[in-house]
Amino acid sequence: MIETRLESHLKNSFLALLQDLGHAEFPELSFQKTRKEFDGELTLVTFPLTKLFGKGPEQVGELLGEAILAKDKSIDSFNVIKGFLNIKMKNSFWAEELNFMVNTENFGHGSPNSLPLMMVEYSSPNTNKPLHLGHLRNNFLGWSIAEILKARGHKVKKVQIINDRGIHICKSMQAWLKDGKEQSPESMGVKGDKLVGYFYVQFDKAYKQEISELIAAGKSEDEAKEEAPSMIDARQLLLQWEAGEKEVQSLWAKMNSWVYDGFENTYTRMGVDFDKNYYESETYLLGRDMVMKGVKNGVFYQKEDGSVWVDLEPHGMDQKILLRSDGTAVYMTQDIGTAIMRFEENPGLASQIYTVGNEQDYHFKVLFLTLGILGYEWAKDCYHLSYGMVDLPTGKMKSREGTVVDADDLMEEMVKTAGVKTEELGKLEGMSEHERTDLFEMIGLGALKYFLLKVDPKKRMLFDPEESIDLQGNTAPFIQYSHARIKSILSRFEGKLGALKTDLNLHDSERNLILALSFFPQVIDEAANKYDPSSIANYTYDLVRTFNQLYQQVPILKESEDGLIQMRIHLIQTTAGVIERGMRLLGIQVPDRM
RNA sequence: GGCCCCGUAGUUCAAUGGAUAGAAUAGAAGUUUCCUAAACUUUAGAUCCAAGUUCGAUUCUUGGCGGGGCCA
């Protein structure tokens, strides 16, 4: 756990002080940021120390305050309010702090590749449906976590598992064979994933039609579902695929490649990437072997019908199926295979993180337990990064009811809106078409990513299309705008930037900003620990507000004293760097002008 | 029926067990001869209910109520 340099400094001072006072043992010292309505930067909570001193919290505060002030020369003053000892550092301490940040390359980041390998899985789409809003949250989240882990110093592999086999693909294939044979993404001028998705919908329509006809003809609902010709065709295709029939396999490969081209296009615009793709068609057999091995080793059991089960009752859960009676794989089977493959391929893999929605909580609990039962030590290093669903104001997103928000459409919409609003403000004089396009992309996608990432991943969230294109307040454009402001000042600065003077008088807003900056390393560390990009988002937002307050209160280039100008240039340059790196961890770019 | 997650201003979100529960947005009022007003300042407004643990509970425990999910 990383702490700020200020906290380390004061902790050491207090530890030495308590020793001086003859205390060898004492409760953990509890520090917190001083609330802004009080004077000071860091606060020691004295309640836990009252027993040690046999005095009330306020007296303990006074006593320690006097003593620490005498002992630690970098402390300027202190004040005690109830059980809180607020400590204010001298200007020289903060100037030194700024100096440290200025001279630290990539301040906030750990040294690259110094920590163990982590694997982050996200996206994991089905190949029969285009990506939608839910995938956007998933992708942004997973990608961002991977970047945050990298920033802390981990080696990271980003992966996805593509659900490329099974009955759902065969449904799209069936519909294409039936009435789409001459259609391709090129001939139709549509993205491949959209075309395949279209056929999937066509299948569903025909299937439903057949069912109602069969029911009208006197069949029961279950019978109708079994006997519908479309479904019989699709099942047949699946069997042929599993038997390795050439024509079916090549159609399958062709339609999947359409989908991958479409996805690639969407991923590129989203700004996410992968180091490796896994395909279920390549892992499900391994999973099946591993399950059968478990039967042989007696950790799983087989029922009379041939199905394989794991007994999780000792873990307070029930029996769980691992292989169907006909020997076909269930999701669990493939996931077992994939996990084993990944750990075997990557010796030294410290952790495997699955970015998957919280409706799968139970599934992953079972998966990790089952891997443990199979004897894999690393099962405990698997982590399900479970995130909440994205709701629409109209209710739940359901592809069947047509209430999905398509990822491509949404991105397009956001960028368009960003363009319109930016043009309206009329600050782009002299900017080329090309630069404008880039800028609108940056703003539109930034707003979207920020909107989805600023919320605690675990929580279910509401996506209101109206509000999400808002560009004011706690949004990416607000942060991007402030960055552009800083860059604008920096570009006007004509002097030569020298070494920082440490004997300057600091304005309150300057101290606040330096204090806020000093938290950056800790924020990254915490975000990595909790797998939570929202803490980066909230931190950056706070930082930017602090900067804006300074901007409003003190002149930078118009300041008369050269030493102060220099210091402020250093300060805002450092701020711009932290904003840029913070937003980069969310996948959001910041412009120099907007 | 069993298990899991969530309940904070009108709305959308914050708050390692700590101070007078922060923001944004919507509402009311102000700031532009001055480095970008997508900004800043002021104002009003909230912890679902009830017990318990604690010096101290939005946070932990138990029981309700409400919302969502998973497993049959």
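Not measured: the values here are computed from a predicted model.
We find that Glu435(A) and Arg593(A) are not joined by a salt bridge, their nearest charged nitrogen and carboxylate oxygen being 4.0 Å or further apart. Ion pairing of Asp542(A) with Arg545(A) is present here, as a side-chain N (NZ or NE/NH1/NH2) and a carboxylate O approach within less than 4.0 Å.
The distance between atom CD1 of Ile479(A) and atom P of rA39(B), rounded to the nearest whole Å, is 11 Å. Look at CE on Met389(A): it is 11 Å from C1' on rC70(B), rounded to the nearest Å. What separates CG of Asp464(A) from P of rC13(B) is a distance of 10 Å, to the nearest Å. Computed from coordinates, the Leu462(A) CG to rG10(B) C1' distance equals 14 Å when rounded to whole Å. Whole-Å rounding puts the Phe478(A) CZ to rA37(B) P distance at 13 Å. Put simply, OH on Tyr551(A) is 14 Å from P on rU41(B), counting in whole angstrom units. Here rG66(B) presents its C1' atom at 14 Å from CZ of Arg460(A), a figure rounded to the nearest Å. For Gln553(A) and rU41(B), the CD to P distance is 8 Å, given to the nearest whole Å.
The backbone N or O of Lys303(A) sits nowhere less than 3.5 Å from a side-chain atom of Ser307(A) that would complete a donor-acceptor pair. At distances below 3.5 Å, not a single donor-acceptor pair connects side-chain atoms of Gln522(A) with backbone N or O atoms of Phe519(A). Not one N or O on the side chain of Thr43(A) forms a donor-acceptor pair closer than 3.5 Å with the backbone of Asn86(A). Judged by distance alone, with hydrogens and angles left aside, the side-chain atoms of Tyr354(A) form no donor-acceptor pair with the main-chain N or O of Ser386(A) at under 3.5 Å. At least one donor-acceptor pair under 3.5 Å links the side chain of His570(A) to the backbone N or O of Gly498(A).
Between His384(A) and Phe368(A), the gap from one ring centroid to the other reaches at least 6.0 Å. The aromatic ring centroids of Phe84(A) and Phe38(A) lie 6.0 Å or more from each other.
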Side chain to side chain contact (heavy atoms under 4.5 Å, CB included) between Gln566(A) and Asp562(A): does it pass, once the steps are laid out? CA-CA 6 Å; Gln566(A) 295 268 335; Asp562(A) 189 56; 4.0 Å; yes
I would like to know whether Tyr541(A) and Phe478(A) meet ring-ring contact (aromatic ring centres under 6.0 Å, His included); could you show each step before the answer? CA-CA 8 Å; Tyr541(A) 174 63; Phe478(A) 167 75; 5.5 Å; yes
Dump the intermediate steps for side chain to side chain contact (heavy atoms under 4.5 Å, CB included) on Asp335(A) and Ile161(A), then the final yes or no. CA-CA 9 Å; Asp335(A) 286 350; Ile161(A) 175 98; 5.7 Å; no
Start with the C-alpha gap between Phe547(A) and Ile579(A), add the side-chain angles, then the distance that decides, and say whether side chain to side chain contact (heavy atoms under 4.5 Å, CB included) holds. CA-CA 10 Å; Phe547(A) 162 75; Ile579(A) 293 173; 5.7 Å; no
Pairwise N/O distances under 3.5 Å, protein to nucleotides 26-34 of chain B:
{"unit_1": "rC34(B)", "atom_1": "O3'", "unit_2": "Lys558(A)", "atom_2": "NZ", "d": "3.4"}
{"unit_1": "rC34(B)", "atom_1": "O2'", "unit_2": "Lys558(A)", "atom_2": "NZ", "d": "3.2"}

Please tabulate, one pair per line, each protein N/O and nucleotide N/O from nucleotides 1-9 of chain B that are separated by under 3.5 Å, including the distance.
{"unit_1": "rG7(B)", "atom_1": "OP1", "unit_2": "Lys459(A)", "atom_2": "NZ", "d": "3.3"}

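Annotation: salt bridge (Lys or Arg N to Asp or Glu O under 4.0 Å) contacts involving residues 353-373 of chain A, sequence neighbours excluded, are absent. Screening residues 510-526 of chain A for salt bridge (Lys or Arg N to Asp or Glu O under 4.0 Å), with sequence neighbours left out, gives Glu41(A)-Arg511(A), Arg152(A)-Asp525(A), Glu510(A)-Arg568(A). Residue pairs meeting the salt bridge (Lys or Arg N to Asp or Glu O under 4.0 Å) criterion with at least one partner in residues 304-323 of chain A, sequence neighbours excluded, do not occur; the list is empty.
The stretch residues 422-437 of chain A comes close to RNA chain B through Thr422(A), Leu425(A), Lys427(A), each having a heavy atom under 4.0 Å from the strand. Sorted by residue number, the members of residues 535-543 of chain A with any non-hydrogen atom under 4.0 Å from RNA chain B read Tyr541(A). Residues from residues 309-326 of chain A with heavy atoms under 4.0 angstrom of RNA chain B, sorted by number: Asp318(A).
Within the structure, a side-chain polar atom (N or O) of Arg35(A) is placed less than 4.0 Å from OP1 or OP2 of rA19(B). Under 4.0 angstrom from either OP1 or OP2 of rU36(B) there lies at least one side-chain N or O belonging to Ser488(A).
Figure legend: cation-pi geometry between Arg485(A) and Tyr551(A), with NZ or CZ positioned under 6.0 Å from the six-membered ring centre and within 45° of its axis.
Among the heavy atoms of the strands, none lies under 4.0 Å from Val544(A). Using a 4.0 Å heavy-atom criterion, one finds that Gln32(A) contacts the bases of the nucleic acid, with or without backbone contacts as well. Heavy atoms of Asn86(A) sit under 4.0 angstrom from at least one base atom. The residue Ser30(A) sits close to a base: some heavy atom pair falls under 4.0 Å.
Nearer to the 5' terminus of RNA chain B, by closest-nucleotide assignment, is the contact made by Thr34(A) (compared with the other of Thr34(A) and Asn474(A)). Between Met461(A) and Lys82(A), the residue whose closest nucleotide on RNA chain B is further toward the 5' end is Met461(A).
The aromatic ring of Phe84(A) is not stacked on the base of rG18(B), since the criterion of ring centres less than 5.5 Å apart with planes inclined by under 30° is not met.
Comparing atom distances between the Met594(A) side chain and each of rA19(B), rG22(B), rA38(B) picks out rA38(B) as nearest. Distance from the side chain of Gln549(A) is smallest for rU41(B) among the nucleotides rC13(B), rU41(B), rU36(B).
For the C1' atoms, the distance linking rA14(B) with rA46(B) amounts to 13 Å, nearest Å. Taking the P atom of each, rC70(B) and rA37(B) are spaced 49 Å apart, rounded to whole Å.
For Pro591(A), the side chain to side chain contact (heavy atoms under 4.5 Å, CB included) criterion is met by Leu439(A), Met442(A), Gln480(A), Met594(A), not counting sequence neighbours. Judged as a side chain to side chain donor-acceptor pair (under 3.5 Å), and not counting sequence neighbours, Thr574(A) has no contacts.
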Just by protein heavy atoms under 4.0 Å, how would nucleotides 54-63 of chain B read 5' to 3' in B, S and -? -B--------
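Contact of Thr43(A) with rA19(B) (side chain to base): a donor-acceptor pair of N or O atoms is detected under 3.5 Å.
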Pairing string of RNA chain B (Watson-Crick or G-U wobble, both atom distances under 3.5 Å; | = paired to other strand) is (((((((..((((....[...)))).(((((.......)))))....(((((..]....)))))))))))).
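His507(A) and Ser509(A) share a donor-acceptor pair across their side chains, judged by distance under 3.5 Å alone.
Crowding of Lys416(A) atom NZ: a count of heavy atoms from other residues, nucleotides or ligands under 6.0 Å not exceeding 12. Surrounding NZ of Lys11(A) are more than 12 heavy atoms belonging to other residues, nucleotides or ligands, all under 6.0 Å away.
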